[in-house]
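This report refers to the structure that appears directly beneath it.
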Amino acid sequence: MTEKELLAVACEQFLGKNVQDIKNVVLQTLEGHLRSILGTLTVEQIYQDRDQFAKLVREVAAPDVGRMGIEILSFTIKDVYDKVDYLSSLGKTQTAVVQRDADIGVAEAERDAGIREAECKKEMLDVKFMADTKIADSKRAFELQKSAFSEEVNIKTAEAQLAYELQGAREQQKIRQEEIEIEVIQRKKQIAVEAQEILRTDKELIATVRRPAEAEAHRIQQIAEGEKVKQVLLAQAEAEKIRKLGEAEAAVIEAMGTAEAERMKLKAEAYQKYGDAAKMALVLEALPQIAAKIAAPLARVDEIVVLSGDNSKVTSEVNRLLAELPASVHALTGVDLSKIPLIKKATGAQA
C-alpha cells in the first residue's frame with residue numbers, strides 16, 4: 001500500500017525479507033481463508049459459481065492482509081479440480097441436463113406445433129360450422145316464414161268458415177227459441193187445463209172422500225180424547241185410593257204403636273212394682289214359646305223309639321231332664337224357679 005501509515009506497517013512486517021518470502025506469507029494467508037470458505041460451501045456451489053467464491057475469499061482475506069500493509073487488487077480462481085473426477089462427473093451431469101432440456105425443448109416445440117395445427121384445424125372447422133349454421137338458420141327462417149304464411153291463410157279460412165257456421169247457428173237458435181216460446185205457451189195452456197182438472201178432482205175428493213174421512217177422524221179423535229180423560233180420571237182415583245189407604249194404614253200403625261208403647265209402659269210399671277213376681281210371670285209366659293221352639297224339629301218326626309231294656313231307666317232319664325229344667329232357666333234368665341212355691345211343689349211331687 002502507498003499510504004504512509006500502511007506503508008510503515010508493511011515495512012515493519014516485511015523489512016529485511018526478500019520477494020519470495022513476502023509472496024509465501026501472502027499466499028499462506030489467502031490459502032487459509034480459502035480453506036475456511038471452502039468448508040462452508042458445497043462442491044457444486046464452488047464449481048458452478050467461481051466468481052462468488054473468489055469474492056468471498058477477497059472479502060474475508062482483505063482485512064488480514066491489510067493489517068500487514070498489503071492490498072488485494074485482484075483475486076481470481078483459475079481452475080477447480082479434484083483427484084477422484086467428481087467435478088468432471090458434475091460436468092457430465094450438466095451435459096446430460098442440457099441434452100435433456102434440449103430434448104424437452106424439441107418435444108415441447110413439436111407439441112406446440114401440433115397444438116397450433118389442431119387449433120388451426122379447429123378454427124377452420126368452426127368457420128365451416130358457422131357457415132353451415134347460417135345456411136341452416138336461413139333455411140329454418142324460410143320454412144318458418146312459409147309456415148307462418150300458411151298458418152295465416154288457414155286461420156283466415158277457418159275464421160270465414162266459423163263465421164258462416166256461427167251465423168247459421170244463430171239462425172237455428174232464433175228458430176229454436178221461437179219454437180220453445182210456442183211450446184211454453186202450449187205448456188202454460190195445458191197447465192191451466194190441468195190445474196182446472198186438479199181443482200175439480202180435489203173438490204170431488206173433498207165431497208166424496210176427504211169430508212167423510214175428516215169426520216171419521218174427528219170422531220175417532222173425540223173417542224180417543226174421552227178414553228184418555230177416562231184413563232186419567234181412573235189413574236187419579238186409583239192414586240187417591242192408594243193415598244187414602246196409605247193414610248189409613250199409617251193411622252192404624254200409629255195407633256197400634258201407641259197402644260203397644262202404652263202396653264209396654266204399663267208392663268214396665270208393673271214389673272217395677274211387683275219386682276221378681278213380674279219377672280217370674282214373664283218367664284212363665286215365655287216358657288211355652290221356648291218349649292215350642294225347642295220341640296219344633298221333633299214335630300217333623302213321625303215316630304220316636306226309645307231302645308232300653310229297663311223301663312225304670314227311661315223314667316229316670318225323663319225325671320232327670322225335668323229336674324235340670326229350673327237350673328237351665330236360671331242360667332238363661334236369672335230366675336230361680338225353685339223359689340216359687342208352685343214350681344217347688346211340682347218338682348217335689350215329680351221327684
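For reference, positions follow the sequence shown, starting with 1.
Enclosure of atom CD in Glu165 by more than 12 non-hydrogen atoms of other residues, nucleotides or ligands within 6.0 angstrom is indicated. Heavy atoms from other residues, nucleotides or ligands lying under 6.0 Å from CD of Glu3 number 12 at most. The 12-atom threshold is exceeded at CD of Glu179, counting heavy atoms of other residues, nucleotides or ligands nearer than 6.0 Å.
Between Val153 and Thr157 the shortest side-chain heavy-atom distance falls below 4.5 Å.
Using a cut-off of 4.0 Å between Lys/Arg side-chain N and Asp/Glu carboxylate O, Glu247 and Arg243 are scored as salt-bridged. Checked for salt-bridge contact, Glu143 and Arg140 miss the test: no charged N lies under 4.0 Å from a carboxylate O.
Using modelled atom types, one finds a donor on one side chain and an acceptor on the other under 3.5 Å when comparing Gln167 with Glu171. Gln173 and Gln177 share no side-chain donor-acceptor pair at under 3.5 Å.
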Review point. Under the side-chain contact (heavy atoms from CB on, under 4.5 Å) criterion, do Val19 and Lys23 qualify, and how do the steps go?
Key: CA-CA 6 Å; Val19 176; Lys23 286 183 178 181; 3.9 Å; yes
Checklist entry - Glu71 and Leu73: side-chain contact (heavy atoms from CB on, under 4.5 Å), yes or no, with the steps? => result CA-CA 6 Å; Glu71 181 181 5; Leu73 298 178; 3.7 Å; yes
task: Show your reasoning for whether side-chain contact (heavy atoms from CB on, under 4.5 Å) applies to Gln236 and Val232.
output: CA-CA 6 Å; Gln236 291 177 353; Val232 171; 3.5 Å; yes
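Under the rule for a side-chain hydrogen bond (donor to acceptor under 3.5 Å, both in side chains), the partners of Gln99 that lie at least two apart in sequence or sit in another chain are Asp103. Here Arg200 pairs with Glu197, Glu204 under the side-chain hydrogen bond (donor to acceptor under 3.5 Å, both in side chains) rule; sequence neighbours left out. Not counting sequence neighbours, the partners of Lys122 by the salt bridge (Lys or Arg N to Asp or Glu O under 4.0 Å) test are Asp126. A search for side-chain hydrogen bond (donor to acceptor under 3.5 Å, both in side chains) contacts involving Lys128 returns Asp132, not counting sequence neighbours. Annotation: salt bridge (Lys or Arg N to Asp or Glu O under 4.0 Å) contacts of Lys244 (sequence neighbours excluded): Glu240. For Arg111, there are no salt bridge (Lys or Arg N to Asp or Glu O under 4.0 Å) partners at least two apart in sequence or on another chain. Listed by chain and number, the residues in a side-chain hydrogen bond (donor to acceptor under 3.5 Å, both in side chains) with Asp21 amount to none (sequence neighbours excluded). Judged as a salt bridge (Lys or Arg N to Asp or Glu O under 4.0 Å), and not counting sequence neighbours, Glu151 has no contacts. For Thr133, the side-chain contact (heavy atoms from CB on, under 4.5 Å) partners at least two apart in sequence or on another chain are Phe129, Asp137.
For residues 154-163, there are no salt bridge (charged side-chain N to carboxylate O under 4.0 Å, His left out) pairs, not counting sequence neighbours.
Hydrophobic clustering places Leu56 together with Leu38 (ILVMFWY residues linked when any side-chain heavy atoms are closer than 4.5 Å, directly or through intermediates). In the hydrophobic cluster analysis, where Ile, Leu, Val, Met, Phe, Trp and Tyr join through side-chain heavy atoms closer than 4.5 angstrom, Val65 is grouped together with Phe14.
In terms of heavy-atom proximity, Arg58 sits nearest to Ile72 at CG-CG2, 3.8 Å.
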Distance-only check: which donor-acceptor pairs under 3.5 Å involve side-chain atoms of residues 183-193, not counting sequence neighbours?
| unit_1 | atom_1 | unit_2 | atom_2 | d |
| --- | --- | --- | --- | --- |
| Arg187 | NH1 | Gln190 | OE1 | 3.2 |
| Gln190 | NE2 | Glu194 | OE2 | 3.3 |

Do any side-chain atoms of residues 26-37 form donor-acceptor pairs under 3.5 angstrom with protein atoms, and if so which ones, sequence neighbours left out?
| unit_1 | atom_1 | unit_2 | atom_2 | d |
| --- | --- | --- | --- | --- |
| Thr29 | OG1 | Val25 | O | 2.9 |
| His33 | NE2 | Asp64 | OD2 | 2.3 |
| Ser36 | OG | His33 | O | 2.7 |

